Every structure is written in structure tokens, then in C-alpha cells.
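Chain naming here is simple, since letters A, B, ... match the order of the sequence lines and numbering starts at 1 in each. Since we're looking at a predicted model, the values are computed, not measured.
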Amino acid sequence: MTLSQEIAERFRTMAAILEIRGEPVFKSIAFTRVARLLDDASIDLADLVARDALESLDGIGKSSRSIIVDFVRNGRSEDFESLASSIPSGLIEMLNLPGVGPKTIALFWRERGIESIEQLESALNQGKLAGLKGIGPKKLEQLADSIRMRAVAQTRVGIGHVISIASTLLEGVRGFAEVERADVAGSLRRRRETIGDLDILAALKAGYDGSVVTDRFTTLPGVREILACGPTKASVRTDSNLQVDLRVVPTDCYGAAIQYFTGSKEHNVKLRSRAIERGLTLNEWGLWKTTDWEARRDTVKATAGLGIDYSTAVASRHEADIYAKLDLAFIEPELREDRGEIELAAQNKLPTLVVRIDLRGELHCHTTASDGEASILEMAHAARALGLDYIVITDHSRSQAIARGLEPERLLQQIQDVRRLDGKIPGMTILIGSEVDILADGSLDYDDDILQQLDFVVASPHTALRQDSQRATERLLRAIDNPYVNVIGHPTGRLINQRNGLEPEWNRIFEAAHASGTALEINASYPRLDLNDDLARAAIKAGCTLTIDTDAHSTAGLGEVDLGIAVARRAGAEAKNILNCGTISDIRAWVNRKRHR
DNA sequence: GCCGTTTTCGGCCCGACTGTTTTCAGTCG
């Protein structure tokens, strides 16, 4: 975690405290906003503080600036500490309990002296919560459930696990006779790397009752528990403990609804402010002239949106119309995080995001020579069948003994094999490379006289992934400095929800990679997705070139690139930012330029 | 707490569902 991200956590804590203290919500919103700003991997906090330029960031004012400066200069902040000591620290954790919010926490604390989840649990067991205003038998039952479930409920699930569950449920909903169409919304549609809960949106055919759809949804296979079920919304928990929300809307406002339920929340908040500036109101039913909407609001509430005439809406049926009528270019779901995309859309300066067909080659994959399942030729054929023009064979280097990493002699033999096979498949160029280990000290697993015989070199860290930031920085810088290294493979070594991987000083890494002509990989295999979206975004901002590689260990693996594309799109990447969206000549030029610099 | 081609004060997005209520507060996204 960088210093900036650590300070972001402090601001989140302060926001939580303000909520529990019952301060005006806008204070905690402001602190949460500062936290989001500080999460951005590309900001150089030390530099901003040194230049006294913090307040140039939209959302940071006097108070926040002073707190940040204190943390950066002294490692602590009196403002933070006095706020933190104003409530017991155990209260903050209670916010994680589903169904428990700041008001409830404050009530328990004030009326019953409860200061932690543990105390809440024992008070519950001893019946001490009975008689509190607004707390009835159902609420007590829900509390007990929340406490029991808290360990599992806290973690967001990796996108690789959610996708198959989502497609099964989506297929189920699409099968209902009353449903015109259905899609995934929420963070899965935005392709975030982890998913809190799954959102599905269904369009109801004219003349049908939404309750029929939500009721039937709760009986789909895999549904374990029903959390809520009304005429327009149902919430369930699956056998795999994933919460799934279904929303049912009339077809006439499907576009507004999919926009609304795709989020992110922050993106939508800003969009609605933009609507207000134009005398409009934006909600899940449509974009309306505010006066029109106010005349309809009561009807909508009474009929769940079925009793209104959508032809008077400024936009409702098509998602693209919502953006167009707000004078914005269409914003792809992957960009909807309020990271500047609305401002870019207003100036028609959004990036043209990379798409799968932009990819022309694979730069990182394995064969039976190390731990892959297919031969060189089988991999090359499969790549050609996917429409690719070139493939680089990059088996593991010798230190990866467990993956049958190649000793220099076997690598030299493989060079001969590839030279012999290249040209056998029309339209496909086969290159010989290696995924060479970056050892803990930054030295490489092969000598330069071996590396210089290869067409392309991926250098990756596989071990010593817990080393401190300074050593990690020196390690990666040393690898980047090697003239034969063309891309750093899965630069952090992280695995989603399993390990954090290396946390070097990214500004130095990006600068060196850019200056030396070394690409940085977005490894598309789950659970790697490494670099992640934030770091990839910062890398592009720093002028770096990226690759999108499958790291395939089988012919099927070569096709599993979509999550990597998604990461690149979330980073705002265009084809020109991605090395393997170039031709084979571009790849050779990339290699030669670094060797002769 | 932050911000300003309507504002340096007065706003700050919007609605669904639940539970405990006789009309609404709290939570959630």
C-alpha cells in the first residue's frame, strides 16, 4: 500500500466516524471523496505537498490539505487523532455489518454502551437490545444473521468466479416468458476485478406483472436465501454466498435503467448533478424535464413505473440517449468510475478503448517444454485460428524448476525448433522468446549471451514477492535496465484475494520503463490481472506502452483474453498504447530500438 | 467539508425495500 493509499484509509475512517457521530452527511461525503482522489495510483503525493499544490485537486480544500500535509510530513495528524479518539474504535468495524448503519450503531452505543461487534453479539444473546426504539424482533434476527455471516460477507468475490454464476442466472431470467430482455449491470458490467454483489436487470413485456418475475427469480437453481422480494426488485443469496439483485423495469425505460444500475454510484451522482444544471431530473425511469417528472412522481410510485407515458421523457428507452441528451459522448461502462470520464465526454475527448480484434499477436505463452499442455505448433495453430498474426513462445527459465523451467541447453534447442517451424503456418509468424525469472536481486535467470539469441523477452517476478518496497523497486529497475528485456510480465505477482505481490515505487518504474522502451504487461489470466486497472492507467499517463497477454498454458488459454482487455479498457487504453496491437514489424522494431539505444 | 458563468452562503442525487411504524426512519446501491 502506498503512502497515498494509507492516507486514503485514514480519510475513510474519518468519514465513518463523522457518520456515526451524526454530523451532517456532507462532511463524510467530502472526506470519502478525498479518499477516492488519494487512491489514484498516478498521483505523486510527495510532489504535490512539496509544490503546495494539493488544493489544485478538485475536492481537496483547506481542512483536507492540512491533514494530508501533516501525514506526509510527520506521519501523523492531530485532527485525525482527535476525531479518532472521539468514538470507540470498535464502532467503525460495525459499519461492515449488513443492515447496520451509523444511526443504529449510535443508538446501541448511546443507549446500551455497545462499543464493538463482540459486545453487540453478547448483548444480543442476553436479550439486552429489546425495547430500543425502532428495534423489533425481525431486526434482532437480522442482526444475529449479520454477525454470524460477517466473515464471509466482507470479501468481494473475484470477477473470474462471478462470471459463470452470472451467466447461469442471466440465462434463467432470459428464459422467463414475461421478460423481453435481460443484462448484467453493476460492477460486473463495468468489469471491476472484484464484485460485491451481482446486479441483473430485466425488461418486463407490456401487460405483465413484475412480481411474477421476481417471485420466479427467487426459485432459480442455486438460490439459497431470499433477502427481499417486491414487485420491482428481488435480492437473493446463492449457494456460493454471492448476493444477487434483480431489478425489473418496463421495456420503455430499459435504457435509463441499465444506465442507472450499471453505476458507478459516483458516476451517477455526477451525471444527475449535470442533469439538474440543465433543468432535468435523471432517475432509473428516464431523463425528464424536472417539472414533467414532478407531475409524474406519484403515478410512478403507485404503479412501479408501469403507469406513465415515457414518450414525454427526454430519454429513457436507449442508454446512449441519456448521455447524448446531457451533451456527452457515450461513456463505455468500464470508464464509469468518476475518474474524469464525464469531463472528457463533455469535450468529446474520450479514448477509443481497445477491443479484442485490435490484438494482433500473443507475446507470452507456454508449451509442453515447460508447464504448458500443447506443442509449439499446436499453440501457433490455435493462435492463427483466433485471428492472430504472430505468437511468441515464452517457456519458463531454469529457476522455475517446479514448472520444468528450461536449462540453457534446452532453450538453445527450442530456438532451433522454433526456427524450423516458423513459416509452416500461412499468415502466422512464430517467434522464440522466454519468460525469464527476475530473481530477488533483479538479476535475470539467463546470461545476456543467451538472451540476445531470442526474438523477444518477457521478464517476470515469481518469487520473493513479499520483499519491501525499496528492494522491489531496485529489483524491477534492474530488470528494466537490461537491453534484452522487452516487457515486464505480471509486474507485481499479485493474485486477487490471495496475495498482494510487489509494491515498488511506481513512479520510478513507469519512468524507467518509458525511457528504456520496456513494456509492462497486463496479464489476462485470472486471478492475476496484473497490472491492475489503476496501475495500468497510471502507466499510460506516464507514457508507458502495455501488453495484453494471456500467459496461456493451453490452446484454450489463448482465447481467454477478455478480462485482460477489460483491465486495459478500465485503464482507458487505446490500441496505440498496447504493443501487441501492432504488427510483427512493430514488435521487431520495439526489440531493436531497445537493444541499440 | 467543499464549492461557485445564477451563489463566499446555501446548497450538496434519487428511489426501493424493510421493519416498525400509523406516516416514516434507516439502510442500501
**OP:** Side chain of A:Arg247 only, please: which of B:dC17, B:dC3, B:dA16 is the nearest?
**Re:** B:dA16

Original post:
Taking only residues two or more places apart in sequence, or in another chain, which ones meet A:Glu23 in a salt bridge (charged side-chain N to carboxylate O under 4.0 Å, His left out)?
Top reply: A:Arg21, A:Lys27

**OP:** State which residues pass ring pair (Phe, Tyr, Trp, His ring centres under 6.0 Å) with A:Phe261; sequence neighbours excluded, sorted by chain then number.
**Re:** none

**OP:** Among B:dT18, B:dG29, B:dT20, find the nucleotide with the atom closest to the side chain of A:Ala228.
**Re:** B:dT18

Subject >> Sugar-phosphate, base or nothing in reach of A:Ile135, heavy atoms under 4.0 Å >> reply: sugar-phosphate

**OP:** Could you give the distance separating B:dT6 and B:dA16 at their P atoms, to the nearest angstrom?
**Re:** 31 Å

Original post:
Once you round it to whole Å, what is the distance between P of B:dG29 and NZ of A:Lys233?
Top reply: 8 Å

Subject >> Integer angstrom distance from the C1' of B:dG11 to that of B:dT7 >> reply: 9 Å

**OP:** Answer yes or no: is there a side-chain heavy-atom contact under 4.5 Å between A:Glu111 and A:Lys128?
**Re:** no

Subject >> Proximity to the side chain of A:Thr232 - top-ranked nucleotide from B:dG1, B:dT18, B:dA16 >> reply: B:dA16

Subject >> Integer angstrom distance from the C1' of B:dT8 to that of B:dG4 >> reply: 8 Å

Original post:
Got a second to check how far A:Ile20's CD1 is from A:Trp109's CH2, nearest 0.5 Å?
Top reply: 8.5 Å

Original post:
If you find the nucleotide of DNA chain B closest to A:Leu95 and the one closest to A:Ser63, which residue's nucleotide is nearer the 5' end?
Top reply: A:Ser63

Original post:
Roughly how far apart, to the nearest Å, are B:dG1 and B:dT5 at atom P?
Top reply: 23 Å

**OP:** Provide the distance between the two P atoms, one in B:dT21 and one in B:dT27, to the nearest whole Å.
**Re:** 15 Å

Original post:
With a 4.0 Å cut-off on heavy atoms, is A:Val100 in touch with a base, just the backbone sugar-phosphate, or nothing at all?
Top reply: sugar-phosphate

Original post:
Given atom CG of A:Asp79 and atom C1' of B:dG1, what is their separation to the nearest angstrom?
Top reply: 12 Å

Original post:
For A:Ile258 and B:dG29, what is the distance between atoms CD1 and C1' respectively, to the nearest whole Å?
Top reply: 15 Å

**OP:** Calculate the interatomic distance between A:Asn96 atom CG and B:dG29 atom P; express it in whole Å.
**Re:** 12 Å

Original post:
Of the nucleotides B:dC2, B:dG19, B:dG15, which has the atom closest to the A:Ala30 side chain?
Top reply: B:dC2

**OP:** Would you kindly give the CD1-to-P distance between A:Ile226 and B:dT18, to the nearest whole Å?
**Re:** 11 Å

Subject >> Minimum-distance nucleotide to A:Phe31 side chain [options: B:dC14, B:dC3, B:dG1] >> reply: B:dG1

**OP:** Scan every strand shown for a Watson-Crick or G-U wobble partner of B:dG15, both distances under 3.5 Å, and answer none if you come up empty.
**Re:** B:dC28

Original post:
Between A:Lys139 (NZ) and B:dT21 (P), how many Å, whole number?
Top reply: 12 Å

**OP:** Considering only atom P, compute the distance from B:dC13 to B:dC3 and round it to an integer number of Å.
**Re:** 15 Å

**OP:** Using a heavy-atom cut-off of under 4.0 Å over every strand shown, decide if A:Arg33 touches base, sugar-phosphate, or nothing.
**Re:** nothing

Original post:
For A:Asp183, what residues pass the salt bridge (charged side-chain N to carboxylate O under 4.0 Å, His left out) criterion, not counting sequence neighbours?
Top reply: A:Arg174, A:Arg181

**OP:** Check every strand shown and say whether A:Glu23 touches a base, only sugar-phosphate, or nothing at a heavy-atom separation below 4.0 Å.
**Re:** nothing

Original post:
If you look at every strand shown and take non-hydrogen atoms under 4.0 Å, does A:Lys27 touch a base, only sugar-phosphate, or nothing?
Top reply: base

Original post:
For atom C1', what is the distance between B:dC12 and B:dC17, given to the nearest Å?
Top reply: 25 Å

**OP:** Counting heavy atoms from C-beta on, name the nucleotide in B:dT27, B:dA16, B:dT20 closest to the side chain of A:Pro102.
**Re:** B:dT27

Original post:
Which part of the nucleic acid, if any, lies within reach of A:Ser64 when heavy atoms closer than 4.0 Å are counted: base, sugar-phosphate only, or nothing?
Top reply: sugar-phosphate

Subject >> Atom pair distance, as rounded to whole Å: NZ in A:Lys103 and P in B:dC24 >> reply: 16 Å

**OP:** Assess whether atom CD of A:Glu9 is packed by more than 12 heavy atoms of other residues, nucleotides or ligands within 6.0 Å.
**Re:** yes

**OP:** Tell me what A:Thr104 touches on the nucleic acid: a base, only sugar-phosphate, or nothing, going by heavy atoms under 4.0 Å.
**Re:** sugar-phosphate

Original post:
What integer distance in Å separates A:Leu37:CG from B:dC3:C1'?
Top reply: 14 Å

**OP:** Using side chain to side chain donor-acceptor pair (under 3.5 Å) as the criterion, list what pairs up with A:Gln243, not counting sequence neighbours.
**Re:** A:Asp245

Check nucleotides 8-13 of chain B for protein N or O atoms closer than 3.5 Å to its own N or O atoms and list the pairs.
unit_1	atom_1	unit_2	atom_2	d
B:dC13	O2	A:Arg272	NE	2.4
B:dC13	O2	A:Arg272	NH2	2.1
B:dC13	N3	A:Arg272	NH2	3.3
B:dC13	N4	A:Lys265	NZ	3.4

Original post:
Which whole number of Å gives the distance between the C1' atom of B:dT20 and that of B:dA25?
Top reply: 9 Å

Original post:
Are the charged groups of A:Arg190 and A:Glu337 less than 4.0 angstrom apart, N to O?
Top reply: yes

**OP:** Take A:Ile60 and A:Asp197, find for each the nucleotide of DNA chain B with the closest heavy atom, and name the residue whose nucleotide sits nearer the 5' end.
**Re:** A:Ile60

Subject >> Residue of the set A:Leu91, A:Ile92, A:Leu120, A:Leu97 for which side chain to side chain contact (heavy atoms under 4.5 Å, CB included) holds with A:Ile105 >> reply: A:Leu91

Original post:
So which pairs with a foot in residues 156-186 of chain A pass ring pair (Phe, Tyr, Trp, His ring centres under 6.0 Å), sequence neighbours left out?
Top reply: A:His161-A:Tyr526

Original post:
Across the strands shown, which category fits A:Lys270 at heavy-atom distances under 4.0 angstrom: base, sugar-phosphate, nothing?
Top reply: nothing

